[in-house]
Peer 1: 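Sending over a structure as structure tokens; questions will come in a sec.
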Amino acid sequence: MNDIKRPMINDALRLLRLYLGLSQKQIAVELDLSQSMISEIENGTKTVSMDVLDKYSVKFNVRMSQLLFFAEELDGEPLKMRGKLIIANRVLKLLERLSPREIADAS
């Protein structure tokens with residue numbers, strides 16, 4: 001059994017990418033990194049440097065401390081719970097599209 005634990009910051013960055021609806025290739029272009037580097041980070045085979053964390057922070061207007069706090073919140077959560085963030089966003093977008101444009105339309 002594999003006892004090596006993937007750092008939660010790697011999962012947090014993957015979830016951020018999925019939340020934004022970007023592919024690994026798209027986020028690589030946005031961050032001026034290679035797609036293979038993004039893949040290695042998300043798979044936990046590459047350590048996230050402060051430079052990479054700064055790129056995410058600047059590009060997506062999220063403080064590095066928020067990314068680290070988000071990663072800490074993921075620690076110990078089962079994968080199923082981590083994915084709820086992605087699903088919740090998709091559901092909210094769907095509900096926005098289905099909602100009536102005005103209150104009068106709802107009656």
Side-chain angles (χ1 to χ4, degrees):
M1 184 161 172
N2 189 358
D3 289 335
I4 298 172
K5 188 172 163 185
R6 183 166 73 200
M8 290 297 112
I9 190 64
N10 299 60
D11 282 340
L13 295 179
R14 179 179 55 82
L15 285 173
L16 175 62
R17 176 182 63 79
L18 293 172
Y19 177 79
L20 295 169
L22 298 173
S23 68
Q24 286 184 347
K25 184 173 179 106
Q26 289 169 319
I27 204 164
V29 168
E30 292 287 327
L31 299 175
D32 195 29
L33 298 170
S34 69
Q35 188 271 328
S36 62
M37 172 92 154
I38 298 295
S39 177
E40 290 172 350
I41 287 170
E42 292 184 3
N43 289 326
T45 57
K46 187 88 148 167
T47 303
V48 178
S49 70
M50 292 303 284
D51 289 337
V52 168
L53 201 56
D54 186 56
K55 286 181 182 237
Y56 276 87
S57 175
V58 170
K59 184 63 184 179
F60 300 112
N61 196 27
V62 177
R63 291 191 319 261
M64 284 195 285
S65 61
Q66 290 174 309
L67 291 171
L68 293 169
F69 179 74
F70 178 52
E72 187 178 328
E73 289 297 307
L74 291 175
D75 193 23
E77 290 293 327
L79 186 58
K80 181 178 174 182
M81 294 298 289
R82 295 181 217 156
K84 285 187 177 184
L85 172 67
I86 300 160
I87 295 167
N89 181 53
R90 303 278 189 235
V91 169
L92 288 174
K93 285 182 181 180
L94 177 62
L95 289 174
E96 277 180 17
R97 283 188 295 207
L98 296 176
S99 68
R101 298 292 174 222
E102 294 183 28
I103 299 297
D105 292 344
S107 37

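Since we're looking at a predicted model, the values are computed, not measured. Atom set for the values below is all heavy atoms of this structure, side chains included, hydrogens, waters and symmetry mates excluded.
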Peer 1: Hey, quick one: are V48 and F69 part of the same hydrophobic cluster, counting side-chain heavy atoms closer than 4.5 Å, chains of contacts allowed?
Peer 2: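 Different clusters: V48 never reaches F69 through Ile, Leu, Val, Met, Phe, Trp or Tyr contacts under 4.5 Å.
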Peer 1: L67 and S57: which non-hydrogen atoms are nearest, and at how many Å?
Peer 2: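 Residues L67 and S57, closest heavy atoms: CD1-N, 4.3 Å.
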Peer 1: Return the set of residues passing side-chain contact (heavy atoms from CB on, under 4.5 Å) with S65 (not counting sequence neighbours), or none when no residue passes.
Peer 2: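 If we apply the side-chain contact (heavy atoms from CB on, under 4.5 Å) test to S65, skipping adjacent residues, the hits are R63.
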Peer 1: Let's go through F60 and L22 carefully: what are the C-alpha distance in whole Å and the side-chain angles of both, what is the deciding distance for side chain to side chain contact (heavy atoms under 4.5 Å, CB included) to 0.1 Å, and is it a yes or a no?
Peer 2: CA-CA 12 Å; F60 300 112; L22 298 173; 4.0 Å; yes
Peer 1: Does any pair with a residue in residues 20-29 pass salt bridge (Lys or Arg N to Asp or Glu O under 4.0 Å), and if so which ones, sequence neighbours excluded?
Peer 2: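 Qualifying pairs, neighbours excluded: none.
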Peer 1: To the nearest 0.5 angstrom, please state how far the CG atom of L13 sits from the OH atom of Y56.
Peer 2: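 L13 CG to Y56 OH: 5.0 Å, rounded to 0.5 Å.
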Peer 1: For K55, does the NZ atom sit with more than 12 other heavy atoms under 6.0 Å from it, leaving out its own atoms?
Peer 2: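 Enclosed.
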Peer 1: Taking side-chain contact (heavy atoms from CB on, under 4.5 Å) as the definition, give me every residue that meets it alongside V58, ordered by chain and number, with sequence neighbours left out.
Peer 2: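 For V58, the residues satisfying side-chain contact (heavy atoms from CB on, under 4.5 Å) (neighbours in sequence not counted) are D54.
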Peer 1: Could you list the donor-acceptor pairs under 3.5 angstrom formed between side-chain atoms of residues 26-41 and any protein atom two or more places apart in sequence or on another chain?
Peer 2:
{"unit_1": "Q26", "atom_1": "OE1", "unit_2": "S23", "atom_2": "N", "d": "2.7"}
{"unit_1": "Q26", "atom_1": "OE1", "unit_2": "S23", "atom_2": "OG", "d": "3.3"}
{"unit_1": "E30", "atom_1": "OE1", "unit_2": "K59", "atom_2": "NZ", "d": "2.9"}
{"unit_1": "S34", "atom_1": "OG", "unit_2": "S36", "atom_2": "OG", "d": "3.1"}
{"unit_1": "S34", "atom_1": "OG", "unit_2": "M37", "atom_2": "N", "d": "3.0"}
{"unit_1": "Q35", "atom_1": "NE2", "unit_2": "Q24", "atom_2": "OE1", "d": "2.6"}
{"unit_1": "S39", "atom_1": "OG", "unit_2": "N43", "atom_2": "ND2", "d": "3.3"}

Peer 1: Do side-chain atoms of N10 reach the backbone of K46 as a donor and acceptor pair under 3.5 angstrom?
Peer 2: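 Between the backbone of K46 and the side chain of N10 there is a qualifying donor-acceptor contact (under 3.5 Å).
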